[in-house]
Visitor: 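Can you keep this structure in mind? I'll have questions shortly.
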Amino acid sequence: MPEMIEVEAYRALAERAALDRPIATVEAPDAWYLKGGLTAEALSALIGSHFSSAHRRGKLLTLETAAPDGSAGPVLGLRFGMSGRLLVDGTPGVAELRYASNEPLERYDRFGVTFSDGGHLRVRDPRRLGGVQLDPSEGALGHDAAGITLGQLTGALAGSRAPLKARLMDQARVAGVGNLIADEVLWRASLSPERPAGSLTPTEVRRLHRHLRAALLEMTARGGSHTGDLMEQRRAGGVCPRDGEPLRRTTVGGRTTWFCPRHQR
DNA sequence: CCGGATGTTCACCT
DNA sequence: GAGGTGAACATCCG
């Protein structure tokens, strides 16, 4: 899925194109996609109101709603799983998504609203791993990776014996870092994904912090989570772009992990 | 045909 | 309690 870089693109799309348009109908053809006990009936409360702002925390997109008189309504929370896309008036938030069909198939539209002007906002998700919630609790999410401070990152890693990569991807600690971004950032920071998170020295955490922010900015500018320098070598026979060492493939935190055993320590 | 793929959650172990 | 593993979700791709 989209990692936080793609979700940020979805947020920007929603902010640019979906605000202040009265909601005429809510389309929830897939009950499975409604999370937290949400029902199509409860969603009808959105009819007549409009989206007033769009925010993102980690990989969670939240759309605030407001009634015609301006009073605040419920918050619509959207998660995109690994293959979910946001479309407004048929325009996707990102052009390409890997590991998902890029065919414009309406049959994969799991949720949407139509606006009174005839347009619509939809979540298209072939694999159906995303979901919709009303008033999602953000309490379970850690600091957003894009704005995390050195002190916050230090706190997120301190005292943990879990592998560094697993901790980085723990959304309750650092929100927004997924599998590809984690591998890219650790490769740039020359840190092994298998190191116990709490074993990093202050110098190493500083290095990680600097590379996390730089990698996010750079990959955002390039157009997505799949644009990292390590990406094309994440395959059998891949070698480290920095020193030519064959990359090692392991599983960390339940996810396929590629790293350079030579310079990532 | 089989195995994996930008994710999350849950049951079940150690 | 902290972590790890495997399964589940559904589809596409090599």
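Note on naming: letters A, B, ... go to the chains in the order of the sequence lines (proteins, then strands), and numbering restarts at 1 for each one.
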Visitor: Only counting residues at least two apart or in another chain, list the ones meeting side-chain hydrogen bond (donor to acceptor under 3.5 Å, both in side chains) with A:H50.
Guide: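 Counting only residues at least two positions away or on another chain, A:H50 forms no side-chain hydrogen bond (donor to acceptor under 3.5 Å, both in side chains).
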
Visitor: I need the full list of salt bridge (Lys or Arg N to Asp or Glu O under 4.0 Å) pairs touching residues 236-252 of chain A, with sequence neighbours left out, sorted by first then second residue.
Guide: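 Every pair satisfying salt bridge (Lys or Arg N to Asp or Glu O under 4.0 Å) with a residue in residues 236-252 of chain A: A:E245-A:R262.
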
Visitor: In this structure, how many angstroms lie between the C1' atom of C:dG3 and the NZ atom of A:K165, rounded?
Guide: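 Those two atoms, NZ and C1', are 16 Å apart.
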
Visitor: Whole Å only: how far is the CG atom of A:L164 from the P atom of C:dA2?
Guide: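 Taking CG of A:L164 and P of C:dA2, I get 18 Å after rounding.
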
Visitor: On a whole-Å scale, what distance lies between the P atoms belonging to C:dG1 and B:dT8?
Guide: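 Approximately 23 Å lies between the P atom of C:dG1 and that of B:dT8.
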
Visitor: Rounded to the Å, how far apart are A:R195 CZ and C:dG3 P?
Guide: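 Those two atoms, CZ and P, are 16 Å apart.
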
Visitor: Identify, with sequence neighbours excluded, every residue that meets side-chain contact (heavy atoms from CB on, under 4.5 Å) alongside A:R213.
Guide: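 Applying side-chain contact (heavy atoms from CB on, under 4.5 Å) to A:R213 gives A:H209.
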
Visitor: On the nucleotide B:dA5, are OP1 or OP2 found under 4.0 Å from the side-chain N or O atoms that A:S83 carries?
Guide: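 Result: no.
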
Visitor: Return a table of donor-acceptor pairs under 3.5 angstrom between the side chains of residues 18-25 of chain A and protein atoms on other chains or two or more places apart.
Guide:
from  : atom 1 : to     : atom 2 : distance (Å)
A:R21 : NE     : A:D117 : OD2    : 2.8
A:R21 : NH1    : A:A17  : O      : 2.9
A:R21 : NH1    : A:D89  : OD2    : 3.0
A:R21 : NH2    : A:D89  : OD1    : 3.2
A:R21 : NH2    : A:D89  : OD2    : 3.4
A:R21 : NH2    : A:D117 : OD1    : 3.0
A:R21 : NH2    : A:D117 : OD2    : 3.1
A:T25 : OG1    : A:T114 : OG1    : 2.3

Visitor: Measure CZ/A:R57 against P/B:dT8 and give the value in whole Å, please.
Guide: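 One finds 14 Å between P of B:dT8 and CZ of A:R57, rounded.
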
Visitor: Pick one: which of A:D144, A:L78, A:T62 meets side chain to side chain contact (heavy atoms under 4.5 Å, CB included) with A:R56?
Guide: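 That would be A:D144; it is the only one of A:D144, A:L78, A:T62 passing the side chain to side chain contact (heavy atoms under 4.5 Å, CB included) with A:R56.
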
Visitor: Which of these nucleotides, C:dT11, B:dG7, B:dG4, is closest to any side-chain atom of A:K59?
Guide: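 Comparing C:dT11, B:dG7, B:dG4 against the side chain of A:K59, the answer is B:dG7.
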
Visitor: Just the rounded figure in Å: distance from P of C:dG3 to CD of A:E194.
Guide: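 Value for this atom pair: 16 Å.
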
Visitor: Taking atom C1' of B:dG3 as reference, at what distance in whole Å does atom CZ of A:R235 sit?
Guide: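 Spelled out: CZ on A:R235 to C1' on B:dG3 is 18 Å.
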
Visitor: May I have the list of side-chain donor-acceptor pairs in residues 180-189 of chain A shorter than 3.5 Å, sequence neighbours left out?
Guide:
from   : atom 1 : to     : atom 2 : distance (Å)
A:D183 : OD1    : A:K165 : NZ     : 2.8
A:D183 : OD2    : A:R234 : NE     : 3.2
A:D183 : OD2    : A:R234 : NH2    : 2.9
A:D183 : OD2    : A:W258 : N      : 2.9
A:E184 : OE1    : A:D229 : N      : 3.1
A:E184 : OE1    : A:L230 : N      : 2.9
A:E184 : OE2    : A:R188 : NE     : 2.7
A:E184 : OE2    : A:R188 : NH2    : 3.1
A:E184 : OE2    : A:D229 : N      : 2.9
A:R188 : NH1    : A:E218 : OE1    : 3.1

Visitor: Between C1' on B:dT8 and CE on A:M169, what's the gap in Å once rounded to a whole number?
Guide: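 Going from A:M169 (CE) to B:dT8 (C1'), I get 12 Å.
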
Visitor: Checking A:T227 now: which residues fulfil side-chain hydrogen bond (donor to acceptor under 3.5 Å, both in side chains) with it, not counting sequence neighbours?
Guide: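 Applying side-chain hydrogen bond (donor to acceptor under 3.5 Å, both in side chains) to A:T227 gives none.
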
Visitor: For C:dG3, does OP1 or OP2 lie under 4.0 Å from any side-chain N or O of A:R167?
Guide: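 Yes, within the criterion.
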
Visitor: Just to verify, what does A:A54 make a side-chain contact (heavy atoms from CB on, under 4.5 Å) with, not counting sequence neighbours?
Guide: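 For A:A54, the residues satisfying side-chain contact (heavy atoms from CB on, under 4.5 Å) (neighbours in sequence not counted) are A:R11, A:A14, A:E15, A:L63.
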
Visitor: Determine which bases of DNA chain C form Watson-Crick or G-U wobble pairs with both distances under 3.5 Å, and write the result as a 5' to 3' dot-bracket string with | for other-strand partners.
Guide: .||||||||.||||

Visitor: What integer distance in Å separates A:R255:CZ from B:dT8:P?
Guide: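 Rounded to whole Å, this separation is 8 Å.
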
Visitor: Judged by each residue's nearest nucleotide on DNA chain C, which is more toward the 5′ side, A:S160 or A:R110?
Guide: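 It is A:S160 whose nearest nucleotide is closer to the 5' end.
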
Visitor: Against A:L200, only a single residue in A:T154, A:L153, A:V205 fulfils side chain to side chain contact (heavy atoms under 4.5 Å, CB included); can you say which?
Guide: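 Single pass found, and it is A:V205.
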
Visitor: Might you list the N or O atoms of the protein lying below 3.5 Å from N or O atoms in nucleotides 4-9 of chain C, with each pair's distance?
Guide:
from  : atom 1 : to     : atom 2 : distance (Å)
C:dC9 : O3'    : A:R128 : NH1    : 3.2

